[in-house]
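Positions are given from 1, in the same order as the sequence printed here.
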Amino acid sequence: MSIPDWFGEAAFGLFVHWDHASQQGVEIGWPLVGHSILPGRTEPEADITVAQYQSTAPTFDPHHWDPRAVARLARAAGARYVVFTVRHHAGYSMYHTEHSDFSIAASPYGRDITREFFDALRAEGLRVGVYYSLLDWNHPDYPAFTDADRPYPHDRYRRPSPERWARYIDYVKGQLTELLTRYGTIDLLWFDGEWERTAEEWHAAELRELIKSLQPEVIINDRLPGQGDYATPEQGMPRRPPGGPWELCLTMSDSWAYRPDDLDYKSPRLLAGYLSEVVSRGGNLLLNIGPRGDGSLVPTEVAVLKRLGAWLASHGESLFGAGPASERLDFHGPATQHGDTIYLHLLLQPQDLLVVRNVPIGSVAGVRMLGTEQPLEYSVNEEVHKANGAEDEPLGELLITVPPPTGALIDVIAIELSNSRKDESRAGL
């Protein structure tokens, strides 16, 4: 399947990780198996028993959750789509399902959080994504993880009988059918938890066939083994971009869910740099937030999103709908291109003179600073042996006079190419 235009042009999405255990201020899912995903950290998650982790399901009442406010925040932040954690590894369904009693329907909150949130997202013009874990450490037929299974085996996972496994696959199919038939258009399915079974055990091809029969336009990430439409590197920029469409999923701190003891937040400038780099390599950034157990958002995460949104309001033309500039362009930083405009993201500042090489210098019509729209002075330089017309569209150096930093998270310079030689510049640059 070819990736739809909306995903290729989105640049930025928002991830939401959350369930009943957020009341305990611990990572989502992993404490149930005695595992911490914080670098160098084991406490307090390693000492939480299965019963302790799941004990907050009966008290889950996120009365401060405001789906419309969160959707407005996502749109104001510049996100084009939102992926919501509908069921994580620990098995708690954040929607009303007929295939499990372990869900938001049985909580004091009671309402269908997923339905209300998806409706709010669509009202803001945002695309809707579903995060769904293939594994379920709470389901008896998976089988359920117990304290006796610790430490987490990593490669020696318990296998149920064929009859129980068939029931489990029916459970997965049943939940996917609910999500794809009762919640309107789902634009994206974000699977996870695939590592504990093979593609054949997951019935991956069969699941894709079911999904596509229900929602033909939905796109699927690569964690449905062998059946994905795009790659999802996690928590670290790949040295080389994956082949084809891709998305970097990233946390603001070191955790996915609400952790009051994790204060290692990335700065808005750093995150703007990640976003610029990802788009310059042909991908999207999926940035995570983790609501508290009462449904309120962490103020630091809200502030970061607002800063990113303010920057994107004046600099987003370099990212939304843009793709990588040509590999021939020689520039020390992320470079994107949209139509006949090349965008240079100045991660390294201050500097007074910027030298960009392999630019089609005969087509440069102007240079400006995004945000202020200030025209910038520039000159061109060409290797002497090429100056005699050896090439139809000579590539040379563009020397741009750079003003002091504007105060934006990241300054961006736009190089406008003229309509003359348009076809050559698109193909050659």
J.: Can a donor-acceptor pair be found between the side chains of Ser133 and Asp192 at a distance below 3.5 Å?
T.: no
J.: Have Glu317 and Tyr343 got a donor and an acceptor in their side chains that come within less than 3.5 Å?
T.: yes
J.: Compute whether any side-chain donor of one residue and acceptor of the other, for Ser253 and Asp264, lie under 3.5 angstrom apart.
T.: no
J.: Are there more than 12 heavy atoms of other residues, nucleotides or ligands under 6.0 Å from atom CD of Glu377?
T.: no
J.: Test your reading of the model: is there a side-chain donor-acceptor pair from Lys266 to the backbone of Leu270, 3.5 Å cut-off?
T.: no
J.: Would you find a donor on one side and an acceptor on the other, under 3.5 Å apart, between the side chain of Gln23 and the backbone of Thr56?
T.: yes
J.: Classify the side-chain pair Ser326/Gln337 by whether it contains a donor and acceptor separated by less than 3.5 Å.
T.: no
J.: Is Arg259 salt-bridged to Asp261, cutoff N-O under 4.0 Å?
T.: yes
J.: Evaluate whether atom CZ of Arg269 has more than 12 neighbouring non-hydrogen atoms of other residues, nucleotides or ligands under 6.0 angstrom away.
T.: yes
J.: Can you check whether Arg328's main-chain N or O pairs, donor with acceptor, with Asn358's side chain at less than 3.5 Å?
T.: yes
J.: Under the side-chain contact (heavy atoms from CB on, under 4.5 Å) rule, what do Val402 and Leu346 come out as? Steps first, then yes or no, please.
T.: CA-CA 10 Å; Val402 182; Leu346 307 185; 4.2 Å; yes
J.: State, without any angle test, whether His96 and Glu178 hold a side-chain donor-acceptor pair at a distance under 3.5 Å.
T.: no
J.: If we count only N and O atoms by modelled type, under 3.5 Å, do the side chains of Arg368 and Gln374 hold a donor and an acceptor together?
T.: no
J.: Between the side chains of Tyr142 and Glu196, does any donor sit under 3.5 Å from an acceptor?
T.: yes
J.: Would you kindly say whether Asn288 and His17 are connected by a side-chain donor-acceptor distance under 3.5 Å?
T.: yes
J.: Take Gln175 and Ser93, measure what side chain to side chain donor-acceptor pair (under 3.5 Å) needs, and give me the verdict at the end.
T.: CA-CA 9 Å; Gln175 288 207 314; Ser93 294; 3.2 Å; yes
J.: Using a distance-only test with no angle check, is there a side-chain donor-acceptor pair under 3.5 angstrom linking Glu247 and Tyr81?
T.: yes
J.: Do His345 and Ser318 have a side chain donor and acceptor closer than 3.5 Å?
T.: yes
J.: Hydrogens and angles aside, do Thr232 and Arg223 bring a side-chain donor and acceptor to less than 3.5 Å of each other?
T.: yes
J.: Do side-chain atoms of Glu416 reach the backbone of Ala414 as a donor and acceptor pair under 3.5 angstrom?
T.: no
J.: Drop me the distance from Leu353's CG to Ile400's CD1, to the nearest 0.5 angstrom.
T.: 8.5 Å
J.: Which pair of non-hydrogen atoms, one from Ala90 and one from Trp137, has the smallest distance, and what is that distance?
T.: N-CE3, 4.4 Å
J.: Hey, does the side chain of Arg307 reach the backbone of Val302 with a donor-acceptor pair shorter than 3.5 angstrom?
T.: no
J.: CD of Gln235: more than 12 outside heavy atoms within 6.0 angstrom?
T.: yes
J.: Carefully, step by step, assess Leu376 and Ile413 under the rule side-chain contact (heavy atoms from CB on, under 4.5 Å).
T.: CA-CA 9 Å; Leu376 302 182; Ile413 289 176; 3.8 Å; yes
J.: Taking atom types as modelled and ignoring hydrogens, do the side chains of Asn284 and Tyr230 form a donor-acceptor contact shorter than 3.5 angstrom?
T.: no
